[in-house]
Structures are given as C-alpha cells and as structure tokens.
2 protein chains.
Amino acid sequence: MRLISKTFQPLITIPKGAKIKNTDITCKSQKLLLENGLLRPTSSGFFTLLPLARRVLNKLEHIIHQQMDFVGAQRISLPNLTSSKLWETSGRLNAIGPELIKVEDRHGKKYLLAPTHEEAISELLADVGPVSHKQLPLLVYQISNKYRDEHRPKHGLLRSREFSMLDAYSLHQDHDTAAITYDRFTDAYRHIFDKLDLPVYRVEAPTGDMGGTISHEWQLTAAAGEDAIKLCSSCSHTELADGNSQCSQCGKETKQINSIEVGHTFILGTKYSESLKANFVESHGTQVPLTMACYGIGITRLLAASLEALSSETAMRWPRAIAPYSAIVIGPKEGSKEWAHHDFEKVLEVSIRISEAGLEDDVVVDDRHALTIGKRMMMADRMGYPYIIVCGRSTLESPSRYELYQTHLQQSKPQLLTLSELITAITDSRGEEKISVRG
Amino acid sequence: MRLISKTFQPLITIPKGAKIKNTDITCKSQKLLLENGLLRPTSSGFFTLLPLARRVLNKLEHIIHQQMDFVGAQRISLPNLTSSKLWETSGRLNAIGPELIKVEDRHGKKYLLAPTHEEAISELLADVGPVSHKQLPLLVYQISNKYRDEHRPKHGLLRSREFSMLDAYSLHQDHDTAAITYDRFTDAYRHIFDKLDLPVYRVEAPTGDMGGTISHEWQLTAAAGEDAIKLCSSCSHTELADGNSQCSQCGKETKQINSIEVGHTFILGTKYSESLKANFVESHGTQVPLTMACYGIGITRLLAASLEALSSETAMRWPRAIAPYSAIVIGPKEGSKEWAHHDFEKVLEVSIRISEAGLEDDVVVDDRHALTIGKRMMMADRMGYPYIIVCGRSTLESPSRYELYQTHLQQSKPQLLTLSELITAITDSRGEEKISVRG
C-alpha cells in the first residue's frame with residue numbers, strides 16, 4: 001500500500017506575487033503544482049517532475065500509447081541530438097533560428113536538440129529506402145523530451161524549454177491516402193481527449209514554419225489560455241479567433257473563449273521528403289517522394305493545461321483518468337476515540353479492499369495520523385484526488401460507516417457508507433466512466 | 001493481431017568488413033541489430049531504435065520499473081539539460097571534461113547534457129530542504145536518455161553517445177543506514193538480472209570520478225566484453241581482473257572471463273551533498289549533509305550486451321523475458337497444398353489461441369505468405385523469437401498438428417503438437433519460467 005508519509009512531496013506556501021527561484025508565478029497550474037509538491041523549477045524554463053506529477057505523466061503516456069497502438073502506429077526512439085545538416089537541408093535551421101538549441105561535439109560537428117523530428121524521420125526513410133508502395137502507409141511515433149529555447153519561458157509547464165511530447169509521423173503515396181490516415185489520427189486524438197473528458201476543439205490553423213497543406217490546432221478551452229477560439233452555437237463550427245466575431249461558415253455571432261494549444265497536426269506533403277530524398281517505389285518502379293503527415297501532443301503542457309481548465313485557484317482538479325491517485329484513505333487522528341476503535345490496521349484493511357475493487361495500486365493512504373482529519377481532508381481536496389474516503393466518527397457505528405467525498409461531484413455533504421456500499425459506489429461510478437469513454 | 005508485413009523492419013545484409021554509414025561494424029550485437037532491422041545509426045554514436053528494438057526496451061524498462069517499485073524508489077523526471085554551475089561546484093566539470101556535452105542558451109547561460117544526475121539530485125534536495133530525518137531514507141529514480149561525448153564511439157549500443165539509462169539515488173542520515181538500502185538495491189539488481197537469466201556478477205570497483213567509499217560494477221560475462229572478471233571456483237569470490245590470476249580472498253587460481261559492465265552502484269558519502277548543501281535536520285535540530293548512494297543500469301547497453309552474451313554470429317538470442325515477441329506463427333506458403341487446407345484465417349485462429357494462453361499481444365504472425373516456410377523459419381530463427389510455431393505439412397493431418405521450435409532449447413527436431421498440446425506446452429514452459437524467476 002502506498003503511504004503519503006513515504007511520498008516525496010515537498011509542500012510550500014507561495015505568498016501572492018512572490019518570485020520563486022528562477023521563475024515568476026504567472027498562472028494557476030504553475031502555482032498549484034509548486035505549492036502541492038509536484039514540481040520544482042531547476043532553472044528558467046526547466047522543471048523536475050516530482051513523484052506525484054510523474055504518476056500523472058505515466059497515466060497520460062499510457063493513454064497515448066494505447067491510442068497510437070489503436071491506429072497502428074509503431075513506437076520508435078530517435079536520438080534527441082540531431083545533425084544540424086539535416087535542418088540546413090530542410091531550410092529550417094534559419095527559419096526557426098534562435099529557438100533551436102545548438103550543440104557542438106568535441107570534434108566540432110554540429111547538432112541540435114530537436115524540437116520535432118520531421119527531418120530525422122525523412123532521413124531515416126531515405127536511409128532505409130526507397131520503401132515499397134506495399135509498405136505504405138507507414139505510421140511511427142515516439143514520446144520523448146523536446147527542446148525549444150523560448151526567449152522568455154513562462155507559465156511553468158505551459159511554456160518550458162524542455163518538455164515531453166508525442167510526435168507521430170505517417171508516410172504515404174499521395175495526399176489522398178495521407179488524408180485517410182489523418183482522419184484516423186483525428187479519431188485517436190478525440191479518443192484521447194474524450195478519455196480525459198476535456199473540452200478540446202480541433203480548429204484549422206496556418207501551417208507556419210512547418211509547411212504543408214493542411215493543419216489543425218487542438219485547443220483546450222481555459223480562461224488562462226494565450227490563444228482563443230470562436231465557437232458557433234448555430235452551426236457548431238469552431239475556428240481560431242481572428243478579430244471577427246462572426247462564424248466563417250454560417251455568418252452567425254460566435255462565442256469567443258480563451259484556449260491553450262495542446263496538440264497540432266499537419267499534412268506536410270513532400271516538403272521534407274523532397275529535400276531529404278525520402279522516396280518510395282511505385283508499383284511500376286519509379287521513385288516518388290513520400291507524402292508525410294505529422295501529429296504532436298505536448299504531454300507536459302497537457303498536464304498543466306488540464307489543471308488550468310479544471311482547477312480553482314486553491315484546489316487542483318484533474319481529469320479523473322490521470323489524477324496522481326484515484327483514491328486517498330484518511331484514518332482517524334492518533335489518540336482519538338475513533339483511533340481506539342479504528343486503528344491503522346483497520347484503515348489499511350479499508351484501503352486494500354478499495355484497491356481490490358479495481359483501483360489496484362492507485363490508492364494511497366494518508367498515514368500522517370498526528371494530523372487532524374480536517375487538515376488531511378483539506379490537503380487531499382487541494383490535491384484533487386477523485387475519491388476521498390474518511391474513516392471518521394461514523395466508524396464508531398456498527399457496522400462502521402465511511403465518508404465518501406467525490407471531488408468531481410461538488411456535493412456539499414459526503415455519502416456515509418458501509419464498506420460494501422463504499423466498494424459498490426466506487427465500482428459503479430468507475431463503470432459509468434468506462435462506458436462514457438467508449439461511447 | 002500483429003503482422004510481420006506491417007512491421008517496420010528494414011532488413012539488410014552486411015558483407016564482411018563493410019563500413020556502414022557513420023559506423024564500423026565491430027561487434028556481433030551491432031551487426032545483428034542492423035541486419036535484422038532493429039537499429040539504424042544516424043551519426044557516429046547515435047542510433048534510432050526501430051519498432052522491434054523499442055519493444056525490447058519497453059520490456060526492459062518494465063522489469064526495471066517493477067524492481068524500483070519493489071525497493072520503494074519513487075519515479076521522478078529531472079531535466080536532461082543541467083546548469084554547468086552545479087558541475088563547477090561539485091568539481092566534475094573539469095574532472096570529466098571533454099566527455100560532457102556542453103550547451104549554451106540564447107542568453108549565454110551554460111548547461112550540459114547530463115551523463116548522470118548526482119549534482120541535480122543534490123540541488124533538488126538543497127532546494128526543497130533541509131528535509132527531516134523522518135523522511136529518510138528517500139529513494140528516487142528516473143529512466144531517461146543520458147549523454148557522453150565518447151572520443152571514438154564504437155560497438156553500436158555498447159558505447160554510444162546518447163543512451164537510455166536507469167539512474168536511482170538514495171539519501172540517508174549516515175553511512176550505516178545507506179548500507180542497508182544499498183543492500184536492498186543489490187537485491188533488486190539481482191532480481192532484474194535473474195529475470196533476464198543473465199550471468200551478471202557484482203564485483204568491487206574503484207570509485208573513480210564519482211568519488212565515494214564503496215562501489216560495485218555489475219559485469220555480464222561475454223566473449224566480446226572489453227572488461228574482464230576473475231571467478232574463483234574454490235570460494236566463489238568474483239573480482240575485476242587485475243593481471244594477477246589468484247583469488248584475492250583464498251589465493252586459489254581463478255578463471256578469467258571477458259565481460260561487459262551493465263551497471264554500477266556507489267555509496268557516495270557526502271561528496272555531492274556537502275558541496276551543493278543538501279542537508280537534513282537531525283532529531284535534535286542540527287543540519288547535517290545527506291549521505292547519498294547511487295545506482296545505474298545502462299538500458300540500451302544491456303539490450304546489446306544480452307545479445308553479445310547469448311547470440312551466435314548469425315542468429316540473435318534474447319533473454320526470454322525481453323525478446324521482441326515471445327512467439328511467431330508462420331503459415332503455409334500461398335498456393336501450396338497446405339494453404340488450401342490451412343489458410344490465413346486458420347493461421348490467425350492459431351495465433352489468437354496462443355495469445356489467449358497468456359502471451360497476449362506478444363505474438364506476431366509472419367503473414368508474408370508469398371515466401372516459403374523455410375525462408376520465414378530462417379528469418380524467425382535469426383530474430384530469436386523464443387517460440388516459433390509453423391503451420392506446415394502436419395496441418396494436413398486430422399487433427400492438424402503444428403511444429404513448435406523453442407529456440408532456447410536447441411532441439412534438433414521440432415515438437416509436433418495438436419493445437420491444445422501446443423497451448424499446454426507454451427503455458428507449461430512459461431509457468432516454469434515464472435517459478436524459476438521467483439525462486
């Protein structure tokens with residue numbers, strides 16, 4: 001059983017307007033992650049993810065791996081250090097410029113810490129190729145740390161210099177077949193955001209430095225977002241805000257909402273494969289440049305963006321599927337009347353039963369029994385654990401009853417349940433969740 | 001069901017003494033990984049892991065995560081880019097020198113791509129500290145890419161410049177309590193190598209640049225190894241080879257065997273915590289530098305080292321727990337007599353039954369039916385899949401019988417089994433494996 005007393009979670013209190021080492025506190029997610037001991041800055045734009053944040057990241061990665069597997073993308077690992085020459089060839093060394101972090105090895109050879117891998121994928125395909133048209137479409141992806149030397153890193157994980165990202169690439173014979181796979185990735189993205197139960201909208205976007213013919217940003221609505229989208233309640237069209245409040249499709253008035261970009265997808269055409277000579281062989285034997293599409297999700301950014309979308313100023317709220325733990329069990333204060341009746345052994349028993357009811361190792365016990373129940377309740381609420389189970393006064397009843405707080409439901413009062421009712425309540429509400437995700 | 005036709009596995013044949021782009025082929029693992037389409041070099045000392053190698057890495061990581069969890073180490077993620085200042089403070093910036101890959105950001109601030117994180121961990125503890133003696137021991141770990149600018153990178157993944165590594169750190173009140181945790185990590189390491197069924201020996205080693213009081217290398221015996229150890233058959237003592245063939249413990253003659261370092265563990269004492277001010281508060285309130293121990297396993301190196309230890313010059317052999325797939329199913333050649341009787345649908349049925357017998361998604365079907373069974377058998381043998389199941393001539397019998405080759409058993413003839421016998425054989429031999437791992 002996991003114990004809070006054994007969890008490395010350095011809590012701090014940040015006074016209003018305070019400047020914490022290396023970083024201004026400019027947004028809610030940053031403040032909450034720091035105060036609750038999930039994150040520490042190491043220098044401007046760089047962060048250490050502490051155990052509870054790392055658990056969230058594991059869960060996010062798991063959801064993404066599942067969906068990549070579902071679309072048939074194969075996981076690979078490209079080196080983070082990429083030869084600068086490739087970026088010269090594609091023209092992006094100058095186009096992106098100072099945001100690229102450049103590195104020279106001991107022999108003076110030039111590399112950069114890749115922010116994305118279109119060049120590397122094209123070179124890989126050129127190296128092993130030309131592939132046959134029969135091998136297409138070819139879908140690959142990786143999850144790795146990416147680098148961008150932001151001029152002024154800010155907002156914690158929303159705009160950091162080293163960040164975790166999904167980058168997927170698909171390779172095709174032509175634009176039409178690329179479009180089919182692009183739609184399948186769109187579905188995978190929808191599944192990911194549905195699983196997180198987050199309001200993420202796909203909107204058409206300019207292709208920018210990346211180039212290509214089609215591009216969509218995936219925008220999560222959140223008050224603190226630096227972007228904005230227009231939602232049309234009349235025809236359901238969604239688009240990037242552009243100063244004009246009318247819907248570009250039906251002309252009706254739209255509602256503008258701030259948002260955070262959590263993903264970006266492109267049909268790139270042959271921009272990279274032409275310059276880097278990534279070809280395939282057609283059925284009649286001629287070599288033709290591959291058509292490429294690419295798909296990104298900023299994973300550490302999504303973690304922070306979820307908090308921006310769901311949390312209050314003082315309490316974190318997570319998509320239920322990625323909360324650091326699904327449930328926390330809080331036992332009585334040591335020495336209290338309840339403690340005499342319901343000691344640590346009994347608290348553990350409750351925790352184990354909940355684990356066995358499908359939460360497995362996703363249950364943690366707040367075993368800091370020297371603290372009052374109220375104090376630990378407050379901390380659990382701030383952490384946003386979806387189920388808070390308190391062994392309080394009602395454990396004195398026969399049979400013992402437990403308080404269940406479901407932080408997502410915003411009930412004013414807890415449910416008072418026997419152990420078996422508690423198990424049923426948790427199992428049932430998780431069951432509903434599973435069905436709604438699949439729906 | 002996974003299909004070989006959909007697997008990105010670019011096969012090549014490397015003539016003897018050939019120089020492949022960016023790399024000399026100097027060892028078996030490098031040649032086998034390249035030829036069989038698991039790996040591609042991108043530039044000297046940098047490699048792309050293709051899907052089948054990535055699967056092996058996933059399995060290795062899973063085994064390591066399990067054991068880290070078992071010892072109570074909490075997963076974190078430190079940035080790969082670490083401030084150079086920390087390394088100046090610890091004195092290692094000069095001590096390690098040219099092997100450190102240095103980076104300057106757009107403002108001229110100096111970083112390096114960390115090869116290891118003692119400085120970063122010490123700074124983290126200083127930042128959140130001083131921690132209380134009650135929080136000790138504190139155990140954390142990460143799995144991430146590390147960097148070392150080898151003067152002459154060689155032997156493929158055995159000595160690359162970007163590599164995947166486990167690095168774990170434990171923090172203590174004093175040397176005695178550190179020694180207790182050090183022993184527990186030693187057990188965890190033994191479980192990891194037992195699970196892989198690899199002959200890995202723990203030997204005392206000099207502490208070198210790392211400093212500290214105690215250090216052990218974890219050496220895997222393999223003919224191609226650049227290191228060597230002495231095994232004493234008389235008293236079972238094992239030590240690094242040192243030019244003297246006698247056992248340092250009992251004086252008897254030892255046997256010297258080449259080996260590859262796959263892990264290294266240290267009790268570091270207070271070297272880093274003193275210079276970086278990582279303290280804890282004793283029960284009577286005084287601040288004292290933390291005692292640190294650290295634990296590394298080169299994960300991509302271990303992948304290659306396993307191949308060095310187990311493979312022949314032409315055929316890969318893996319620890320059974322990390323083969324890219326546990327089983328491959330080979331159907332008849334299209335148009336053959338067997339094909340008429342046992343078509344793709346039936347091949348799939350066999351594969352699904354095997355999956356359901358506990359192998360789950362760890363079964364692949366070689367659906368390249370235009371190729372002969374013999375050709376596909378040869379490729380499967382080269383890949384070293386532990387179970388090769390062939391739907392050959394005996395599928396014409398009633399009931400159909402299947403050929404089972406267990407590549408680890410070096411049987412000259414396959415077992416001829418009905419489907420239910422096949423399932424039993426696989427289930428039984430996996431059962432034994434599980435028991436032996438636990439023993």
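Keep in mind it's a predicted model, so treat the numbers as computed, not measured. Residue numbering restarts at 1 for every chain, and letters A, B, ... go by the order of the sequence lines.
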Worksheet item: When you check the gap from the basic side-chain N to the acidic O, do B/K109 and A/D149 get nearer than 4.0 Å?
Response: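 No, no charged N to carboxylate O under 4.0 Å.
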Item to complete: Considering only NZ, NE, NH1 and NH2 on the basic side and carboxylate oxygens on the acidic side, decide whether A/D105 and B/K102 come within less than 4.0 Å.
Response: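 Looking at B/K102 together with A/D105, the answer is no, because their closest N to O distance does not fall below 4.0 Å.
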Worksheet item: Would a 4.5 Å heavy-atom cut-off, applied to side chains only, mark B/N80 and A/Y147 as touching?
Response: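 Answer yes - side chains close enough.
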Write down the atom of [X], the atom of [Y], and the distance for their closest heavy-atom approach.
{"X": "A/S43", "Y": "B/Y111", "value": "OG-OH, 3.0 Å"}
{"X": "A/E123", "Y": "B/T42", "value": "OE2-O, 4.2 Å"}
{"X": "A/K6", "Y": "B/Q74", "value": "O-NE2, 2.7 Å"}
{"X": "A/E99", "Y": "B/R106", "value": "CG-NH1, 3.9 Å"}

I need the residue from [options] with the largest number of non-hydrogen atom pairs under 4.5 Å to chain B.
{"options": "A/D361, A/V103, A/N145, A/V128", "answer": "A/V128"}
{"options": "A/L50, A/L78, A/T7, A/D127", "answer": "A/D127"}
{"options": "A/L11, A/L57, A/L113", "answer": "A/L113"}
{"options": "A/P10, A/G37, A/P51", "answer": "A/P51"}

Worksheet entry | Contacting region of B/R2 [heavy-atom separation from chain A under 4.5 Å] |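 Contact with chain A is through the side chain of B/R2 alone.
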Worksheet entry | Structural part of B/F8 lying under 4.5 Å from a heavy atom of chain A |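 Both the backbone and the side chain of B/F8 come within 4.5 Å of chain A.
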Item to complete: Tell me, for A/E150 versus chain B, whether the close heavy atoms (under 4.5 Å) come from the side chain, the backbone, both or neither.
Response: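 Only the backbone of A/E150 comes within 4.5 Å of chain B.
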Worksheet item: Using non-hydrogen atoms only, which part of A/R161 is less than 4.5 Å away from chain B: side chain, backbone, both, or neither?
Response: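 When you check distances to chain B, only side chain atoms of A/R161 fall under 4.5 Å.
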Measuring from atom [atom1] of [X] to atom [atom2] of [Y], what distance do you get when rounded to the nearest 0.5 angstrom?
{"X": "A/T48", "Y": "B/I76", "atom1": "OG1", "atom2": "CD1", "answer": "6.5 Å"}
{"X": "A/R368", "Y": "B/K134", "atom1": "CZ", "atom2": "NZ", "answer": "12.5 Å"}
{"X": "B/S77", "Y": "A/N58", "atom1": "OG", "atom2": "CG", "answer": "8.0 Å"}

Practice prompt. For the pair A/E162 (side chain) and B/L81 (backbone), establish whether a donor and an acceptor sit closer than 3.5 Å, ignoring hydrogens and angles.
Written response: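 Answer holds: yes.
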Practice prompt. Please answer whether the main-chain N or O of B/H151 pairs with a side-chain N or O of A/H107 as donor and acceptor at a distance below 3.5 Å.
Written response: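 Pair found, side chain donor or acceptor close to backbone of B/H151.
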